[in-house]
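This report refers to the structure that appears directly beneath it.
Just so you know, these numbers come straight off a predicted model, no measurement behind them.
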Amino acid sequence: KKRYFVAMGPWAEVFVQSLFVLATLRLIIYFKDRVNFSMSRKTLIVVGSGGHTREMFSFLSTLDPIELRMNYTPRHYVVAQTDTGSLAKVEEFEGRISPEYQKYTVHYIPRSREVGQSYFSSIFTTIYAIVYSFFLVFKINPNLVLANGPGTCLPICLSAYFLRALGRCGNCVIILSESYACVLHTSLTTKLLYPFVDLLFVQWPQLIKKYKRAVYSGRIKVQEFEAGVALRPPPDPQAKKSFVLVTVGSTQFQPLIEAIDTYEFFQGIKALGYTGLRVQYGTGQPPAELSKVKSSPTFSMEIFSKKDTLAEDFKQCSLVIGHAGVGTIFDALEADKDMIAVPNLALMNDHQTTIAIEMQKRGFLLAASPKTLVDVLEKIQRTRFVKFPKTERDVWKSMVKRACGLGKKKASF
């Protein structure tokens with residue numbers, strides 16, 4: 001043995017001995033974490049923005065508040081520095097779990113890629129975000145990482161994976177949930193992270209064929225895609241209609257605003273019996289002609305850039321006309337509202353068109369373009385919509401619990 005190391009040189013012996021020490025330390029940390037794994041899991045939750053944030057809290061809501069307080073504590077939320085809307089949703093969710101006792105922390109990191117940013121420039125912003133995230137994950141040392149597809153989760157998941165390999169995060173479980181917006185193909189983030197995550201959820205059954213380790217957790221059971229689902233009850237012809245809500249989300253969608261800023265559209269909604277119009281125009285320009293219309297006793301008008309929440313607007317309106325973002329679609333359908341989804345083609349990968357067409361094919365809503373909006377509006381009276389499931393199925397909850405060793409049998413990855 002000594003002759004062998006002499007032949008290789010003194011540095012080779014130091015190298016082998018260092019590997020032995022590192023392997024020993026890794027085993028000590030591994031078994032230490034195995035002992036502590038029966039305790040509460042320090043959970044790191046990556047919150048995206050817009051629809052991603054909406055989806056993450058839909059998934060988390062499947063867990064009982066007592067479960068969250070007992071088994072997934074403390075909770076660390078990671079939010080992109082340029083995300084101005086997710087903090088309020090974190091506070092709202094945590095307030096529902098336990099208004100008196102709240103044990104969570106919000107961390108901000110640089111965004112890997114902004115909406116509309118080119119892939120080439122995102123290489124450099126992603127590298128910076130990875131370095132920043134590495135030290136954050138090292139400090140938190142989570143037992144569980146939950147993410148659902150935005151670019152913000154890429155540096156967090158990679159950092160957790162490599163720190164786990166180095167022994168810092170021990171038995172940390174990394175779980176990625178793909179967005180409902182990805183119908184026919186997964187996002188670039190999922191493609192990059194698939195080799196590094198322990199569990200991948202997809203929301204459309206056609207993606208299972210492409211990813212063998214994926215688990216289908218979509219709201220609609222697979223057999224219902226073929227058999228169909230229950231229709232929503234027909235509207236009461238005697239009931240008075242409320243206002244139409246037009247929303248473009250947190251960005252701008254000027255073609256939609258221009259499409260509703262016409263005499264044909266305005267007369268169309270009045271002819272159908274709607275008694276008002278509320279327009280949320282985002283960061284773009286307000287509708288010039290509609291801005292001249294004043295509210296009257298028979299027809300109300302409201303035009304605004306943004307609100308902290310549109311929850312009451314969705315609850316009170318009779319029809320939603322909005323961009324085809326997942327958050328807006330879910331808010332409308334969960335409130336049992338008729339919806340016309342208009343894809344925003346300016347967004348990269350044109351994912352809104354795909355989900356709008358798929359949701360129309362399933363009978364949940366009508367899809368339109370800015371040019372065909374008035375024509376599609378006329379169909380709303382003759383359309384019977386399929387009832388949309390208001391909550392996520394228990395698949396997500398049960399598989400997360402199993403992966404963390406809280407189910408009947410801990411999953412092996």
Determine whether more than 12 heavy atoms belonging to other residues, nucleotides or ligands lie under 6.0 Å from atom CD of Gln285.
-> no
Does the Asp261 side chain pair with the main chain of Ala288, one donor and one acceptor, at a distance under 3.5 Å?
-> yes
Is there a side-chain contact between Val400 and Phe201, using heavy atoms and a 4.5 Å cut-off?
-> yes
Looking at CG of Leu245 and CG of Leu319, how far apart are the two atoms once the value is rounded to the nearest 0.5 Å?
-> 8.5 Å
pair Arg75-Thr73: side-chain heavy atoms closer than 4.5 Å = yes
Answer with yes or no whether the side chains of Glu258 and Gln254 bring together a donor and an acceptor at under 3.5 Å.
-> no
Any donor-acceptor N/O pair, Thr190 side chain to Thr186 backbone, under 3.5 Å = no
Salt-bridge present (Lys401, Glu67; N to O < 4.0 Å) | yes
Between Phe243 and Tyr274, does a ring-ring contact (aromatic ring centres under 6.0 Å, His included) hold up when you go through it step by step?
-> CA-CA 5 Å; Phe243 60 88; Tyr274 296 104; 9.7 Å; no
Expected output: side-chain Arg168 to main-chain Phe138 donor-acceptor under 3.5 Å = yes
Value rounded to 0.5 Å, distance of CD1 in Ile156 from CD1 in Ile45 = 12.5 Å
May I ask you to check whether Phe364 and Phe385 place their ring centers less than 6.0 Å from one another?
-> no
Derivation of the side-chain contact (heavy atoms from CB on, under 4.5 Å) call for Val342 and His323 | CA-CA 5 Å; Val342 185; His323 70 130; over 6 Å; no
No-hydrogen, no-angle side-chain donor-acceptor test under 3.5 Å, Glu392 and Ser61 | no
Do you see a donor-acceptor pair shorter than 3.5 Å between the side chains of Ser398 and Arg402?
-> no
side-chain contact (heavy atoms from CB on, under 4.5 Å) between Glu358 and Gln206: does it pass, once the steps are laid out?
-> CA-CA 12 Å; Glu358 189 70 23; Gln206 48 265 42; 4.1 Å; yes
Rounded to the nearest 0.5 Å, what's the gap from OG on Ser242 to CZ on Arg278? Could you check?
-> 7.0 Å
For Ser133 and Ser159, test the side chains for any donor-to-acceptor distance below 3.5 angstrom and give the result as yes or no.
-> no
Should Glu91 and Tyr77 be marked as a side-chain contact (heavy atoms from CB on, under 4.5 Å) after you check the CA-CA gap, both sets of side-chain angles, and the distance that decides it?
-> CA-CA 11 Å; Glu91 294 173 343; Tyr77 293 93; over 6 Å; no
Charged N to carboxylate O below 4.0 Å: is that the case for Asp198 and Arg213?
-> no
Considering residues, nucleotides and ligands other than Lys42, do more than 12 of their heavy atoms fall under 6.0 Å from its NZ?
-> yes
Closest non-hydrogen contact found for Pro286 with Ile303 is CB-CG2, 4.4 Å
N-O pairing of Glu92 and Lys89 below 4.0 Å | no
Can you tell which of Leu146, Val197, Leu193 makes a side chain to side chain contact (heavy atoms under 4.5 Å, CB included) with Cys153?
-> Leu193
To the nearest 0.5 angstrom, please state how far the CD atom of Gln81 sits from the NE2 atom of His107.
-> 13.5 Å
Given side-chain contact (heavy atoms from CB on, under 4.5 Å), test Ser217 with Gln203 step by step and report yes or no.
-> CA-CA 6 Å; Ser217 63; Gln203 315 312 323; 3.1 Å; yes
Sidechain-backbone polar pair: Arg164 side chain, Cys172 backbone, donor-acceptor under 3.5 Å = yes
What do the steps show when you test Tyr180 against Phe330 for ring-ring contact (aromatic ring centres under 6.0 Å, His included), and what is the final call?
-> CA-CA 10 Å; Tyr180 276 90; Phe330 279 25; 4.9 Å; yes
What are the two closest heavy atoms between Leu377 and Gly268, and how far apart are they?
-> CD2-C, 4.2 Å
Donor + acceptor pair across side chains of Gln252, Tyr281 (<3.5 Å) = no
Between Ile355 and Ala181, which heavy-atom pair has the shortest distance, and what is it?
-> CD1-CA, 4.0 Å
Side-chain contact test, heavy atoms from C-beta onward, threshold under 4.5 Å: evaluate it for Trp396 versus Arg393 and give yes or no.
-> no
For the side chain to side chain contact (heavy atoms under 4.5 Å, CB included) test, which of Ile340, Val386, Ile329, Val320 pairs with Leu365?
-> Ile329
Nearest non-hydrogen partners of Lys210 and Leu184, listed with the distance = NZ-O, 2.6 Å
Heavy-atom donor-acceptor pair, Thr62 side chain to Phe59 backbone, under 3.5 Å = yes
Got Tyr263 and Gln267 here, is their nearest side-chain heavy-atom distance under 4.5 Å?
-> yes
Are any of the side-chain heavy atoms of Leu199 and Leu176 separated by less than 4.5 Å?
-> no
Just wondering, do Phe93 and Thr53 contact through their side chains at under 4.5 Å, heavy atoms?
-> no
Taking every non-hydrogen atom, the tightest pair across Pro110 and Tyr128 = CG-CE2, 3.3 Å
Judged by modelled atom types alone, do Thr262 and Glu289 share a side-chain donor-acceptor pair under 3.5 Å?
-> no
Got a donor-acceptor contact below 3.5 angstrom from the Lys337 side chain to the Cys317 backbone?
-> yes
Would you say the side-chain atoms of Gln280 pair up with the backbone N or O of Ser305, donor to acceptor, closer than 3.5 Å?
-> yes
Hey, does the side chain of Ser179 reach the backbone of Cys182 with a donor-acceptor pair shorter than 3.5 angstrom?
-> no
Interatomic distance, OG1@Thr43 vs CG@Leu144, rounded to 0.5 Å, equals 4.5 Å
Only residue of Lys315, Lys390, Lys387, Arg219 satisfying salt bridge (Lys or Arg N to Asp or Glu O under 4.0 Å) with Glu334 is Arg219
Kindly give the heavy-atom pair with the smallest separation between Leu60 and Leu68, and that separation in Å.
-> O-CD1, 4.1 Å
Test applied, side chain to side chain contact (heavy atoms under 4.5 Å, CB included); reference residue, Val47; option that passes from Thr152, Val78, Asn148, Val79 | Val79
Just by distance, do the side chain of Glu178 and the backbone of Val202 share a donor-acceptor pair under 3.5 Å?
-> no
Under 3.5 Å, is there a donor-acceptor pair between the side chain of Lys241 and the main chain of Thr275?
-> no
Between the side chains of Thr328 and Asp331, does any donor sit under 3.5 Å from an acceptor?
-> no
Does Met339 reach the side chain of Ile321, with side-chain heavy atoms less than 4.5 Å apart?
-> no
Gap between atom CZ of Phe253 and atom OG1 of Thr283 - 0.5 Å precision = 12.5 Å
Do Phe196 and Leu158 touch side chain to side chain, with heavy atoms closer than 4.5 Å?
-> yes
Honestly, is Lys270 close enough over Phe299, meaning NZ or CZ under 6.0 Å from the six-membered ring centre and within 45° of the axis?
-> yes
